[in-house]
Amino acid sequence: MRCSHCNQEVPGDDAYVHRGETLCEDCYLEAIQRLRVCDPWAVYIATSNREALGLKGTDGLSALQKSIYEFIKCKAKITLEEVMDNFKLSPREMETQFAVLRHCELIRAYKENGKTYLKTFEC
Ligand SMILES: [Zn+2]
């Protein structure tokens, strides 16, 4: 199987189907991030607006987003699945929360040995 975006070989169980395309994880994460830029809440909370509003760090986030941030903060290793389990989030809810946190440059995802890990930008 090949990623239809970057044409990289993707093992079957690592492939993501997004809007009818088969994507590798990197391209998938990029795709959902691009998608959410059009989300009114994500735009509202975007870095430029946040700065204009005098918001820093987790200011202006929902209680859930703050909890997710605190949960991930400074953990040595935490997978996307562990965060979803802990907060009882569906993949779709997790995607939305992650998109806002990523957009605010609080949390990012990286991949290691086939698993997706989350970490904060500052740790
Ligand atoms: Zn790709």
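All residue numbers refer to positions in the sequence shown, counting from 1. Remember, predicted model here, so these are calculated numbers, not experimental data. For ligands, and for the atoms within them, numbers begin at 1 and follow the listed sequence. These numbers come from the heavy atoms of this one structure, side chains and all, not from hydrogens, waters or symmetry mates.
- Evaluation of the salt bridge (charged side-chain N to carboxylate O under 4.0 Å, His left out) rule for K66 yields no partner, not counting sequence neighbours.
- Under the side-chain hydrogen bond (donor to acceptor under 3.5 Å, both in side chains) criterion, K77 pairs with E112, sequence neighbours left out.
- Y28 and Y16 have parallel rings, their planes meeting at less than 30° on a 0 to 90° scale where 60° marks the start of perpendicular.
- Q8 contributes atom CD, which lies 14.0 Å from atom CE of M1 (distance to the nearest 0.5 angstrom).
- Within the protein, the number of N, O or S atoms lying under 2.8 Å from the Zn ion (ligand 1) is 4.
- The CZ atom of R2 sits 12.0 Å away from atom OG of S4, with the distance rounded to the nearest 0.5 Å.
- Cluster partners of Y110, by chain and number: Y117. The rule joins Ile, Leu, Val, Met, Phe, Trp and Tyr whenever side-chain heavy atoms lie under 4.5 Å apart.
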